[in-house]
Amino acid sequence: MPAVFVYGLMLVLSAGALFVSTFSATYDLGEPYGGDVTTVFVPRVFLILWIIFAVLMVVEEVVRGRAKLRLNVDWTPLGLACLAAIVIAAAMLQFGFVLALVPGFFVFTWLLGYRRPVPLAIVSIAMPAVVWGVFIHFFELSLPQSPWFDVF
């Protein structure tokens, strides 16, 4: 199987598990936020989009006939990227969203094979800042905060 097929399946499974977890009583904060919308509404929308795009990856591989029975995937980058994602998620709880994601995104994409450090550094700084701004100011949702800085 080509790596895209396996990555697509892994993305579908992980997004599906995260989506199911949003129905946990842990996220039931009582009253809906902003009318009929709860705090998990936006994450569910993103997870649904994630699932759709991952399913499209898998379907494309099957339709093009590239998903063969032979398993020909380099598991090392995939395993390291999964491990990095777990470490980043845990670091967010300790250091906050921005401080965990800036180095985390850099390491994650480096492990997946992107090796242009200057553009990668720029995106690794800009992307978390933009996502943080959108979630905090546009969606008015909280993200894990740094214990050292009041702003982020």
Side-chain angles (χ1 to χ4, degrees), residues 1-22 24 26-27 29 33-34 37-64 66-67 71-152:
M1 276 182 232
V4 174
F5 182 78
V6 174
Y7 293 161
L9 285 177
M10 298 295 287
L11 288 169
V12 169
L13 292 174
S14 59
L18 289 170
F19 183 79
V20 168
S21 76
T22 65
S24 167
T26 305
Y27 301 112
L29 302 176
Y33 177 81
V37 178
T38 64
T39 55
V40 292
F41 176 74
V42 173
R44 284 181 186 156
V45 169
F46 285 121
L47 288 168
I48 288 169
L49 291 172
W50 176 352
I51 292 169
I52 290 169
F53 288 126
V55 166
L56 289 174
M57 285 174 62
V58 171
V59 169
E60 180 186 22
E61 291 299 304
V62 171
V63 168
R64 291 190 177 185
R66 293 189 294 213
L71 193 60
N72 187 19
V73 176
D74 185 4
W75 290 98
T76 304
L78 178 60
L80 290 173
C82 289
L83 180 62
I86 292 168
V87 170
I88 293 165
M92 278 187 203
L93 299 175
Q94 296 299 316
F95 305 111
F97 179 82
V98 175
L99 293 180
L101 203 57
V102 168
F105 185 79
F106 187 94
V107 169
F108 181 82
T109 51
W110 188 274
L111 290 172
L112 286 177
Y114 190 81
R115 298 285 195 262
R116 296 182 62 198
V118 173
L120 185 54
I122 292 168
V123 171
S124 294
I125 293 168
M127 187 272 306
V130 169
V131 170
W132 177 83
V134 168
F135 271 80
I136 297 296
H137 298 294
F138 182 73
F139 293 129
E140 296 179 355
L141 295 172
S142 62
L143 291 170
Q145 242 183 334
S146 167
W148 304 293
F149 302 101
D150 291 335
V151 176
F152 61 89

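Hydrogens, waters and symmetry mates play no part in the numbers below; they use all other heavy atoms, side chains included.
Other residues, nucleotides and ligands contribute over 12 non-hydrogen atoms within 6.0 Å of the CZ atom of R44.
In terms of heavy atoms, V98 sits closest to P128 at CG2-O, 4.5 Å. Smallest separation of non-hydrogen atoms from L11 and A54: CB-CB, 3.7 Å. Closest approach of L80 to L111, counting heavy atoms only: O-CD1, 3.5 Å.
Taking the side-chain contact (heavy atoms from CB on, under 4.5 Å) definition, one finds that I122 meets it with V118, sequence neighbours left out. Every residue two or more places apart in sequence or in another chain that forms a side-chain contact (heavy atoms from CB on, under 4.5 Å) with V134 is listed here: V130, F138, F139.
Here the CG-CD distance, from L56 to E61, works out to 12.0 Å after rounding to the nearest 0.5 Å. In this structure, CG on L120 lies 7.0 Å from CZ on F105, to the nearest 0.5 angstrom. One distance of note links CZ of F106 with OH of Y114; it measures 10.5 Å at 0.5 Å rounding. The CD1 atom of I88 sits 9.5 Å away from atom CG of L83, with the distance rounded to the nearest 0.5 Å. Once rounded to the nearest 0.5 Å, the distance linking CG of L18 with CG of L47 reads 5.5 Å. Taking CD1 from I136 and CD from Q145, the interatomic distance works out to 7.0 Å, rounded to the nearest 0.5 Å.
Within the 4.5 Å cutoff, the side chain of M127 has heavy atoms near those of the L101 side chain.
Ring geometry for H137 against W132 counts as perpendicular: the plane angle is over 60°, on a 0 to 90° scale with 30° as the lower cut.
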